[in-house]
> 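Have a look at this one.
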Amino acid sequence: RFLRWQCRSRQNAMRMQGGKPDRSMIAEVTPNLKDNSPRYALVTVLCRQVHASVLPEIIHMAKRTHDPAERHGLAVQFMSASYFQNVGNFTGDLSACVAAGSAYLSAIGSLATCRLRFRDRVHVYDLPSRVERLRGGELEREEVWWHNYLFNPRLDPDAEVIAFRPVWPQARIGLSAARVGR
């Protein structure tokens, strides 16, 4: 259910908002699984299955032009089409680029587990997750870094990629506060 919602929301953001991240893509990160107050917010990328990798296509778009606006347009066009159509192309893991040496990296990158919370208009998705820092050269790290570069031409080549691996049996879906009040 979460993945279907994510794919639908991300495709809509590409088609209707020119790729601008919306609330559905932003994880509220809580370092302590027992604490309910989020400490950080990160724009996330859905991780693709190895068989569904589009890394060569993404790198081609990134290197095809030096014009950031053209690169952004190519990315939006590509991801508006069939990129998010098949939920089976995604692992269920999420990743985020974090600036090397940042407070976010030292806080989140040192965690073994955390909780990610995503909100839509009706539901709150609460995902206890394992945290992993990805190394350069790993397919998942490279795909996430290049994906982010398409939308952020100033992305530091040394930016770190943090993977969040939800523990699905412990995940919870609840009603958002706005819905509960109705």
Side-chain angles (χ1 to χ4, degrees), residues 1-14 17-48 72 75 79 84 90-136 138-180:
R1 184 174 180 180
F2 173 78
L3 265 178
R4 281 193 308 274
W5 168 64
Q6 281 288 300
C7 286
R8 189 173 49 253
S9 295
R10 289 166 190 262
Q11 188 171 48
N12 285 339
M14 291 297 160
Q17 297 164 198
K20 183 179 178 202
D22 66 15
R23 185 176 175 172
S24 69
M25 298 176 207
I26 300 171
E28 298 170 0
V29 182
T30 304
N32 181 338
L33 293 176
K34 295 178 182 173
D35 188 0
N36 282 328
S37 55
R39 300 280 194 278
Y40 309 99
L42 290 173
V43 176
T44 59
V45 173
L46 285 175
C47 298
R48 292 180 72 88
H72 182 274
M79 292 180 190
F84 293 108
F90 298 92
T91 64
D93 295 342
L94 298 121
S95 293
C97 280
V98 182
S102 70
Y104 267 47
L105 181 61
S106 63
I108 296 169
S110 63
L111 298 173
T113 59
C114 70
R115 179 183 19 232
L116 301 181
R117 184 170 292 145
F118 292 86
R119 300 173 190 270
D120 71 4
R121 292 184 183 112
V122 179
H123 296 100
V124 175
Y125 298 88
D126 194 22
L127 311 176
S129 302
R130 295 184 323 277
V131 179
E132 181 182 337
R133 285 170 80 165
L134 301 179
R135 291 185 291 283
E138 290 182 56
L139 176 66
E140 182 179 3
R141 188 256 181 220
E142 296 304 309
E143 195 154 322
V144 171
W145 189 91
W146 284 100
H147 173 110
N148 277 285
Y149 178 72
L150 291 173
F151 295 96
N152 178 5
R154 291 189 219 124
L155 184 63
D156 185 344
D158 295 327
E160 300 252 1
V161 176
I162 307 286
F164 301 96
R165 313 227 185 265
V167 181
W168 292 107
Q170 296 173 18
R172 294 181 310 185
I173 301 173
L175 292 176
S176 70
R179 183 72 175 180
V180 172

> With a 4.5 Å cut-off on side-chain heavy atoms, are Asp120 and Tyr125 touching?
yes
> Examine distances only and state if a side-chain atom of Gln6 and a backbone atom of Ser24 form a donor-acceptor pair shorter than 3.5 Å.
yes
> Out of curiosity, Ser9 OG to Arg23 CZ, how far, rounded to the nearest 0.5 Å?
11.5 Å
> For Pro31 and Tyr40, work out which heavy atoms get closest and say how close.
CG-CE1, 3.9 Å
> Could you tell me if the side chain of Pro157 sits less than 4.5 Å from the side chain of Tyr149, heavy atoms only?
no
> Can you tell me which residue among Leu134, Leu111, Ile108, Val144 is in a side-chain contact (heavy atoms from CB on, under 4.5 Å) with Ile162?
Ile108
> With side chain to side chain contact (heavy atoms under 4.5 Å, CB included) as the test, would you mind laying out the steps for Thr113 and Val131 before giving the verdict?
CA-CA 5 Å; Thr113 59; Val131 179; 5.6 Å; no
> For the atom pair NE2 (His147) and CG (Leu155), what is the distance rounded to the nearest 0.5 Å?
11.0 Å
> With side chain to side chain contact (heavy atoms under 4.5 Å, CB included) as the test, would you mind laying out the steps for Arg130 and Phe164 before giving the verdict?
CA-CA 6 Å; Arg130 295 184 323 277; Phe164 301 96; over 6 Å; no
> Looking only at atom types and distance, does a side-chain atom of Trp145 sit under 3.5 Å from a main-chain N or O of Asp158, one as donor and one as acceptor?
no
> For Met25, does its backbone N or O pair with a side-chain atom of Thr44 as donor and acceptor, under 3.5 Å?
yes
> Would you compute the distance between atom OG of Ser95 and atom CZ of Arg165 and round it to the nearest 0.5 angstrom?
6.5 Å
> Can you tell me how far the CG atom of Leu105 sits from the SG atom of Cys97, to the nearest 0.5 Å?
11.0 Å
> Tyr104 side chain to Gly109 main-chain N or O, any donor-acceptor pair under 3.5 Å?
no
> Under the side chain to side chain donor-acceptor pair (under 3.5 Å) test against Asp126, which residue among Arg119, Arg172, Gln170 passes?
Arg172
> Applying the side-chain contact (heavy atoms from CB on, under 4.5 Å) criterion to Val45, which one of Leu94, Asn148, Val161 satisfies it?
Asn148
> How close do Val98 and Ser102 get, heavy atom to heavy atom, and via which atoms?
CG1-OG, 3.3 Å
> When rounded to the nearest 0.5 angstrom, what distance separates NZ in Lys20 from CD in Gln17?
7.5 Å
> Looking at Gly92 and Trp168, what are the two nearest heavy atoms and their distance?
O-CZ2, 3.3 Å
> Evaluate the ring planes of Phe90 and Phe84, with Trp represented by its six-membered ring, and classify them as parallel (under 30°), tilted (30 to 60°) or perpendicular (over 60°).
parallel
> Kindly indicate, with the supporting measurements, whether the criterion side chain to side chain contact (heavy atoms under 4.5 Å, CB included) is fulfilled by Leu42 and Ile26.
CA-CA 5 Å; Leu42 290 173; Ile26 300 171; over 6 Å; no
> Test your reading of the model: is there a side-chain donor-acceptor pair from His72 to the backbone of Gly18, 3.5 Å cut-off?
yes
> Quick one: CD on Glu132 to CG on Asp93, what's the gap to the nearest 0.5 Å?
8.5 Å
